Amino acid sequence: MNIRGIIPALVVVGVIFAIWTAAVIPMNAHLTADQAQRDGLVMTPEAPRDRQDFTGLTLAIKNPAIIPLTYTLTRPRLPSPHQVAIEMYETIFTKAPTSRRSLVYHGWVTLSATLLGFVIGTTLGVLLAVGIVYNRTMDKSVMPWAITSQTIPILALAPMIIVMLGAIGIQGLLPKSIISAYLSFFPVVVGMVKGLRSPDGMQLDLLRTYSANANQGFWKLRLPASMPYLFASLKIGISAALVGAIVGELPTGARAGFGARMLVGDQYGQPMVTWAALFGAAITAALLVAILSWIERRTLTRMGMGATA
Amino acid sequence: MNSTSVISAKNLNLTFETNDGPVHALKDVSLDIKKGEFVSFIGPSGCGKTTFLRCIAGLETPTSGDISVNGMTPDEARKARAYGYVFQAAGLYPWRTIGGNISLPLEIMGFSKAEQRERVNRVMDLVDLGGFEKRFPWQLSGGMQQRASIARALAFDADILLMDEPFGALDEIVRDHLNEQLLKLWARTEKTIAFVTHSIPEAVYLSTKIVVMSPRPGRITDVIDSPLPKDRPLDIRDSAEFIEISHRVRDGLRAGHVDD
Ligand SMILES: Nc1ncnc2c1ncn2[C@@H]1O[C@H](COP(=O)(O)OP(=O)(O)O)[C@@H](O)[C@H]1O
Ligand SMILES: [Mg+2]
């Protein structure tokens with residue numbers, strides 16, 4: 001990416017951080033005022049009850065002294081960017097990656113489920129797509145079900161999958177991977193069906209004039225033609241797989257993974273933990289997509305399609 | 001049927017059943033093409049030129065009538081690698097180099113690696129693309145891509161070349177150049193060529209026989225044997241004979257249009 005491509009992205013990030021930083025003041029004003037009063041400062045109005053009648057913003061304007069303090073609460077409603085940064089730094093760099101307090105440890109738990117689910121989902125998706133393209137019955141029967149499957153909210157389905165698999169003794173990585181696979185197979189099916197069908201009538205006729213068989217048609221024409229479509233799908237699929245793994249960690253109160261950290265932070269009033277996990281997940285997703293983009297560029301360039309892709 | 005007939009069609013009919021009713025794409029088409037002839041098919045679009053070529057190639061099955069290629073059915077002829085087909089678009093695979101594209105039919109037909117290399121080199125020289133073997137299609141001009149697709153059709157040594165408006169999408173100057181090259185190639189290889197076009201000068205310049213067709217139903221309205229010599233420089237197009245044949249083709253095309 002060149003500098004021109006980076007600048008707009010940086011501007012967007014800057015704006016988001018500015019809004020976030022500004023929002024910390026009103027969001028934390030009440031908590032900060034309570035804390036400041038306990039520490040001996042005089043607040044207006046003095047009764048905590050009366051303060052509830054004011055918005056966070058008004059309260060901060062009436063008590064400008066609390067403004068800097070809103071950024072340093074130990075249990076803020078909205079942590080400030082630097083608090084999240086410190087939490088992330090400490091849990092990523094100062095803890096052994098095997099420790100349960102390390103974000104790297106939790107990240108790996110989620111990532112391994114994500115990758116396993118992604119591999120299962122992609123394999124299933126590609127196989128289904130091949131079936132759909134080569135078999136009329138599958139074309140008629142599988143696609144409607146694939147579409148229907150995606151209309152069921154995953155939040156409703158995830159607990160059922162976890163509980164049912166748990167009942168037959170399957171726990172840990174696999175149930176989460178199945179949810180990941182469930183979310184990631186669909187974009188792969190759709191993309192691959194489109195890709196495998198992308199050769200036009202003329203290209204198929206050309207192979208017929210060589211009396212090529214179906215196998216040759218697949219390996220020499222349909223599969224290579226589908227590569228750009230496959231990569232587009234994989235990038236959507238891997239993000240979906242990560243979401244699936246996290247969702248799979250939420251309903252059962254899993255003890256490890258990004259999802260578990262989000263829950264823990266929420267339940268024990270440690271928003272920094274929740275936010276650090278959230279950012280950890282976002283960074284992981286970005287890295288996964290970046291890796292796929294890199295493989296895509298390399299593959300397509302090597303295939304001579306780099307200029308068009 | 002003549003013993004030297006390479007392609008022979010008798011009372012060929014083909015009707016497509018479409019949602020808007022039957023389309024009579026070919027009606028009572030009878031034609032003999034002899035070995036080594038260069039036959040052009042000319043006519044307005046929809047008159048069945050492509051359909052006829054596809055019947056020869058066995059890509060389309062006639063509703064009635066007989067067609068034979070090298071004395072075989074089109075399907076048998078295809079399996080015997082009787083023809084190479086050149087489509088209007090070059091249709092090169094973007095993920096294969098030019099050399100890779102030309103060896104595609106050779107791979108499918110099971111030629112050895114060494115033989116593939118040897119043949120690719122030979123046909124690339126034949127269409128003046130020597131040295132471009134490792135390039136990808138997007139690195140070549142449209143005219144060069146179409147030459148590569150002709151090389152691909154020549155690679156497995158079919159005696160017949162079926163060409164469906166191969167230069168239709170190219171500009172006039174490139175087209176002139178390619179026509180000249182195609183004639184040289186034809187003279188050198190002694191192939192039988194069936195060539196679809198809707199350009200009168202192109203048809204007259206290239207052919208030993210011009211088949212004029214007209215639509216609804218698609219049929220042959222005139223077959224002109226060209227008196228032009230086999231050796232044709234580009235400026236033959238200014239000769240009286242050339243102009244006379246062009247007139248006859250134009251008249252044939254107009255006659256087919258009387259009901260419009
Ligand atoms: N596969 C098909 N299905 C239905 N109609 C077709 C099909 N192929 C060609 N036709 C029709 O047959 C007629 C002849 O088509 P074609 O041979 O392509 O004409 P030309 O090549 O001379 O322009 C046209 O009316 C066309 O619409
Ligand atoms: Mg046509």
Side-chain angles (χ1 to χ4, degrees), chain A residues 126 129-130 133-134 136 188 191-235 292-309, chain B residues 50-51 53-54 56-61 69 74-111 134-140 149 152-153 155-156 158 160-166 169:
Chain A
V126 171
V130 172
V133 169
Y134 278 94
R136 274 188 66 84
V188 176
M192 271 308 269
V193 165
K194 201 164 173 216
L196 291 172
R197 286 193 175 141
S198 65
D200 58 22
M202 197 207 75
Q203 288 184 305
L204 296 171
D205 281 342
L206 181 71
L207 286 186
R208 275 181 70 195
T209 68
Y210 305 147
S211 308
N213 59 34
N215 240 330
Q216 292 167 324
F218 178 76
W219 291 105
K220 293 197 189 292
L221 176 59
R222 290 193 191 269
L223 190 65
S226 71
M227 281 303 125
Y229 297 83
L230 175 63
F231 278 109
S233 306
L234 290 184
K235 285 190 277 187
L292 278 175
S293 298
W294 181 76
I295 297 174
E296 174 184 35
R297 247 195 327 277
R298 271 192 60 123
T299 310
L300 294 186
T301 305
R302 200 180 273 176
M303 286 175 76
M305 297 195 281
T308 53
Chain B
T50 297
T51 304
L53 226 55
R54 289 173 63 86
I56 300 174
L59 295 175
E60 218 72 76
T61 312
V69 179
D75 267 337
E76 290 165 349
R78 178 179 62 217
K79 289 188 185 106
R81 299 172 200 163
Y83 66 85
Y85 203 112
V86 180
F87 294 85
Q88 174 157 13
L92 301 172
Y93 291 179
W95 57 88
R96 281 177 176 248
T97 58
I98 298 303
N101 269 286
I102 295 173
S103 65
L104 174 70
L106 304 175
E107 286 170 23
I108 289 171
M109 294 169 184
F111 287 85
K134 297 239 149 58
R135 302 292 179 84
F136 280 102
W138 59 270
Q139 296 173 301
L140 268 62
S149 90
R152 183 177 58 187
F156 48 96
I160 305 169
L161 260 190
L162 305 175
M163 309 178 84
D164 191 356
E165 301 196 44

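Labels below follow one simple rule: chain letters A, B, ... track the order of the sequence lines, proteins then strands, and each chain is numbered from 1. Everything numeric here is computed off the predicted structure, so don't read it as measured data. As a basis for the values below, the full set of heavy atoms in this structure was taken, side chains included, without hydrogen atoms, waters or symmetry mates.
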> If you take all heavy atoms of B:Phe136 and A:Met303, which pair is closest and at what distance?
Replying inline: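 For B:Phe136 and A:Met303, the tightest heavy-atom pair comes out as CE2-O, 3.6 Å.
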> Does A:Val133 offer a backbone N or O that forms a donor-acceptor pair with the side chain of A:Arg222 under 3.5 Å?
Replying inline: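 Looks like no, no N/O pair under 3.5 Å.
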>> Surrounding CZ of A:Arg298 (heavy atoms of other residues, nucleotides or ligands, distance under 6.0 Å), is the total greater than 12?
In response: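 No, because the 6.0 Å sphere around CZ of A:Arg298 holds 12 heavy atoms or fewer from other groups.
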> Excluding sequence neighbours, so at least two apart, what forms side chain to side chain contact (heavy atoms under 4.5 Å, CB included) with A:Ala212?
Replying inline: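 With neighbours one apart ignored, the set is A:Leu207, A:Gln216, B:Ile108.
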>> Applying side chain to side chain donor-acceptor pair (under 3.5 Å) as the test, list every pair that has at least one member in residues 89-101 of chain B; sequence neighbours left out.
In response: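 Those involving residues 89-101 of chain B are B:Arg96-B:Glu107.
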>> Does anything in residues 196-205 of chain A reach chain B? List residues with heavy atoms under 4.5 Å apart, or say none.
In response: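 Within residues 196-205 of chain A, the residues that come under 4.5 Å of chain B (heavy atoms only) are A:Met202, A:Gln203, A:Asp205.
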Enumerate donor-acceptor pairs with a distance under 3.5 Å from any side-chain N or O in residues 82-89 of chain B to protein atoms, sequence neighbours excluded.
residue: B:Tyr83; atom: OH; partner: B:Ala57; partner atom: O; Å: 2.7

